[in-house]
> 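Here you go, one structure.
Remember, it's a predicted structure, so these values are computed and weren't measured experimentally. Residue numbering restarts at 1 for every chain, and letters A, B, ... go by the order of the sequence lines.
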There are 2 protein chains.
Amino acid sequence: MSNTKVLPLLDAGDAVAACCPPLTERPFTAEEAETAARMFKALGDPVRLRLFSAVASHEGGEACVCDISDVGVSQPTVSHHLKKLKEAGLLSSERRGTWVYYRVEPSVLAAMGKLLTITPAAA
Amino acid sequence: MSNTKVLPLLDAGDAVAACCPPLTERPFTAEEAETAARMFKALGDPVRLRLFSAVASHEGGEACVCDISDVGVSQPTVSHHLKKLKEAGLLSSERRGTWVYYRVEPSVLAAMGKLLTITPAAA
DNA sequence: TGTCTATGTTGACGTCTATCGATACAGGTG
DNA sequence: CACCTGTATCGATAGACGTCAACATAGACA
């Protein structure tokens with residue numbers, strides 16, 4: 001908490017997109033695991049997964065908070081989870097007038113999908 | 001081995017494999033999110049991710065504990081994390097003589113990959 | 001039998017995290 | 001300006017989690 005000087009949100013996304021080979025290709029290094037685990041961890045909470053899925057499946061890949069906040073937890077908790085997803089590089093946000101819109105980072109989604117690819121060599 | 005039905009490991013794997021559409025297809029229900037989040041959470045720790053990657057990339061998709069336990073934590077911690085991966089349905093284990101071998105569940109890996117597929121409708 | 005190695009389990013400890021109510025901030029409307 | 005709505009932050013708290021040392025268990029071998 002004390003060492004949160006700056007939040008490198010965009011860097012996180014880029015790092016994730018480029019960091020890692022498929023899980024089945026070779027053993028991850030400590031660094032690769034650290035980077036990739038950050039993403040998996042972000043999706044490792046049911047509420048966050050529902051929020052992320054709601055945004056990802058929304059028209060245009062973006063959604064207002066008011067459209068997705070019906071997940072059974074309080075408003076501060078929703079805000080907290082959206083922040084976590086942002087810090088993990090999975091979502092970006094933009095305020096337009098009264099409402100705040102969250103959007104998925106497609107490159108990150110693709111990178112995660114590649115991680116779970118089954119390589120011919122390992123199969 | 002005694003047929004203790006304590007841990008429904010295979011059920012967890014099956015549930016994961018069949019539970020969920022791509023994240024971008026429609027908002028997850030609470031139940032779907034609960035199931036899928038269990039997997040992501042299991043991979044959301046750097047040590048577990050390294051262990052899983054080590055097993056998945058090992059010859060034949062299986063590895064002895066002794067081959068993968070060099071991840072910078074104590075032996076009990078390695079055992080603890082392997083257990084977690086087992087409970088999440090990502091790995092299965094089998095004792096052969098002195099050593100215990102862990103193997104990846106390929107169907108689960110494929111199911112997770114499908115989760116992260118970008119559907120044409122959402123793109 | 002006893003001993004050695006490989007792996008799992010237990011119990012404890014410190015840290016992280018999900019959650020909430022209260023509050024602050026931002027922007028629209030009157 | 002004041003007021004209302006949508007969203008973020010703060011502070012507190014209960015529970016989950018990662019880690020280790022100590023101990024337990026399973027199999028191989030003499």
> Using every non-hydrogen atom in the two residues, find where A:Ile68 and A:Leu51 come nearest and quote the distance to one decimal.
O-CD2, 3.4 Å
> Figure out the CG/P separation between A:Asp70 and D:dT7, and round it to whole Å.
13 Å
> Mind jotting down which residue pairs meet the salt bridge (charged side-chain N to carboxylate O under 4.0 Å, His left out) criterion with at least one end in residues 60-82 of chain B? Sequence neighbours excluded, please.
B:Glu62-B:Arg96, B:Glu62-B:Arg103
> What are the two closest non-hydrogen atoms of A:Arg48 and A:Ala42, and how far apart are they?
NE-O, 2.7 Å
> List in chain and number order the residues that pass side-chain hydrogen bond (donor to acceptor under 3.5 Å, both in side chains) with B:Ser79, two or more places apart in sequence or in another chain; answer none if no residue qualifies.
none
> Could you list all N or O pairs between the protein and nucleotides 18-27 of chain D that sit under 3.5 Å apart?
| unit_1 | atom_1 | unit_2 | atom_2 | d |
| --- | --- | --- | --- | --- |
| D:dG18 | OP1 | B:Arg48 | NH1 | 3.1 |
| D:dG18 | OP1 | B:Arg48 | NH2 | 2.8 |
| D:dG18 | OP2 | B:Arg48 | NH1 | 3.4 |
| D:dT19 | OP2 | B:His81 | NE2 | 2.5 |
| D:dC20 | OP2 | B:Ser74 | N | 2.8 |
| D:dC20 | OP2 | B:Ser74 | OG | 2.9 |
| D:dC20 | OP2 | B:Thr77 | OG1 | 2.9 |

> Is A:Glu32 salt-bridged to A:Arg26, going by a charged N under 4.0 Å from an acidic O?
yes
> Closer than 3.5 angstrom, by distance alone: can the side chain of A:Thr24 be matched with the main-chain N or O of B:Ser57 as a donor-acceptor pair?
no
> Remember a base hit wins even if backbone is also touched, and classify B:Tyr102 as base, sugar-phosphate or nothing at under 4.0 Å, heavy atoms.
sugar-phosphate
> Walk along DNA chain C from 5' to 3' and tell me the first and last nucleotide with an atom closer than 4.0 Å to a non-hydrogen atom of chain B.
C:dA6 to C:dT9
> Under 3.5 Å, is there a donor-acceptor pair between the B:Gln75 and B:Ser69 side chains?
no
> So do B:Phe52 and A:Leu23 actually touch side chain to side chain, heavy atoms under 4.5 Å?
yes
> Assess whether salt bridge (charged side-chain N to carboxylate O under 4.0 Å, His left out) is satisfied between B:Arg50 and A:Glu31, documenting all intermediate values.
CA-CA 10 Å; B:Arg50 290 186 72 185; A:Glu31 237 182 44; over 6 Å; no
> So how far off straight is the helix from C:dT1-D:dA30 to C:dG30-D:dC1, going by the axes through five pairs at either end, to 10°?
20°
> With sequence neighbours left out, what residues match B:Glu34 under side chain to side chain contact (heavy atoms under 4.5 Å, CB included)?
A:Pro46, B:Arg38
> Between D:dA8 atom P and A:Glu94 atom CD, what is the distance in whole Å?
13 Å
